[in-house]
Asker: 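Here you go, one structure.
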Amino acid sequence: MSTAKTSGNKVDTGRRRFLIAATSVVSAVGAGFVAVPFLESWEPSERAKNAGAPVEVNFKKLETGRLLTVGWQSKPVWVLKRTKTQLADLPKNDDRLRDPNSDVASQQPPYAKNEYRSRKADLLVLVGICTHLGCVPTYRPDIGPEDLGADWLGGFFCPCHSSRYDLAGRVFKGVPAPLNLLVPDYYYVNDDVILIGESGGKA
Ligand code: FES
């Protein structure tokens, strides 16, 4: 059984099918953001290496407030277990968002068109690619940081041209990105496992 050591934590990699946090993601979040450990990763399996194959993710060991990045169709996909506070703060952003109600249908499956943009409230699943020109935003759960302002309640910040998204992946007004971050198809295989890339099965 192998282990991967990231962000100061050992992560069990003995179980299968996780594809990983791209190295590019690690580098993209690098300098300037030191306060928040957030990235966990696992080695890719043969199945996950297949382009387009659905990716099964067991998030049982993922702590609340932390972000897991997996690879799917050569893209980073984030799995974030949001805290109760993070969920409670989401409506406070609504007036400052371009599409607070997720009305642009292309950006999420129908089952994620809700206040959390997810099948279950706590677990957020997003394609981690900025809807402006495709950079990988950084996870910034810190509240009111100096560089993002006192009204920042946590979210995702794109370092390329300063687009901002909240913790449901909803884009703020006044930034270059035109759309909310994409929610991929996924469903719960059981209480601890999701399958990314398919919408069938249990809700
Ligand atoms: S690519 Fe993200 S703001 Fe331009």
Side-chain angles (χ1 to χ4, degrees), residues 6-7 19-41 51-52 55 65-82 86 89-109 112-113 115-118 123-186 196-197:
T6 57
S7 302
L19 178 67
I20 313 318
T23 304
S24 61
V25 178
V26 179
S27 59
V29 299
F33 305 105
V34 295
V36 187
F38 57 84
L39 188 67
E40 319 251 6
S41 64
V55 175
R66 299 193 70 167
L67 185 79
L68 164 68
T69 304
V70 301
W72 172 68
Q73 294 187 342
S74 303
K75 300 172 213 165
V77 174
W78 297 329
V79 178
L80 171 63
K81 202 180 275 186
R82 291 172 289 195
Q86 289 174 336
D89 281 345
L90 286 175
K92 298 176 184 174
N93 290 321
D94 285 3
D95 290 346
R96 299 185 291 139
L97 302 173
R98 280 194 208 283
D99 183 14
N101 299 315
S102 299
D103 290 327
V104 179
S106 62
Q107 296 313 104
Q108 64 283 309
K113 187 184 184 311
E115 62 189 301
Y116 305 116
R117 302 190 75 225
S118 55
L123 201 74
L124 177 67
V125 182
L126 290 174
V127 174
I129 295 179
C130 182
T131 61
H132 181 219
L133 294 176
C135 290
V136 176
T138 57
Y139 176 44
R140 294 295 306 274
D142 37 341
I143 305 293
E146 195 172 329
D147 60 327
L148 296 176
D151 57 358
W152 180 257
L153 298 172
F156 303 95
F157 175 75
C158 185
C160 289
H161 313 97
S162 302
S163 286
R164 297 169 180 226
Y165 305 86
D166 76 352
L167 286 172
R170 299 178 300 174
V171 68
F172 282 85
K173 296 174 182 170
V175 302
L179 297 169
N180 292 343
L181 293 173
L182 181 67
V183 178
D185 270 322
Y186 70 98
I196 296 170

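From a predicted model like this one, the values you see are computed outputs, not experimental measurements. In listed order, ligands and their atoms are each counted from 1.
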Asker: For D95, look at atom CG and say whether over 12 heavy atoms of other residues, nucleotides or ligands are found less than 6.0 Å away.
Answerer: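 Atom CG in D95 is not packed in, count stays at 12 or less.
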Asker: Nearest 0.5 Å please: distance from the CG atom of D166 over to the CZ atom of R96.
Answerer: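 Interatomic distance, D166 CG to R96 CZ, rounded to 0.5 Å: 9.0 Å.
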Asker: First locate atom CG of L90, then atom CZ of R170, and finally report the distance between them rounded to the nearest 0.5 Å.
Answerer: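 The distance works out to 5.5 Å.
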Asker: Parallel, tilted or perpendicular: which describes the rings of W78 and F156, with under 30° parallel and over 60° perpendicular?
Answerer: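 The arrangement is parallel - the two ring planes meet at less than 30°.
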Asker: Please round to the nearest 0.5 Å and tell me the distance separating atom CG of D99 and atom CG of N180.
Answerer: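 Those atoms lie 4.5 Å apart.
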Asker: If you count only heavy atoms, which residues are under 4.0 Å from ligand 1?
Answerer: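 Contacting ligand 1 under 4.0 Å are C130, H132, L133, G134, C135, C158, C160, H161, S163.
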Asker: Using the side chain to side chain contact (heavy atoms under 4.5 Å, CB included) rule, pick out the option among L126, I129, V125 that qualifies with V77.
Answerer: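 Option passing the side chain to side chain contact (heavy atoms under 4.5 Å, CB included) with V77: V125.
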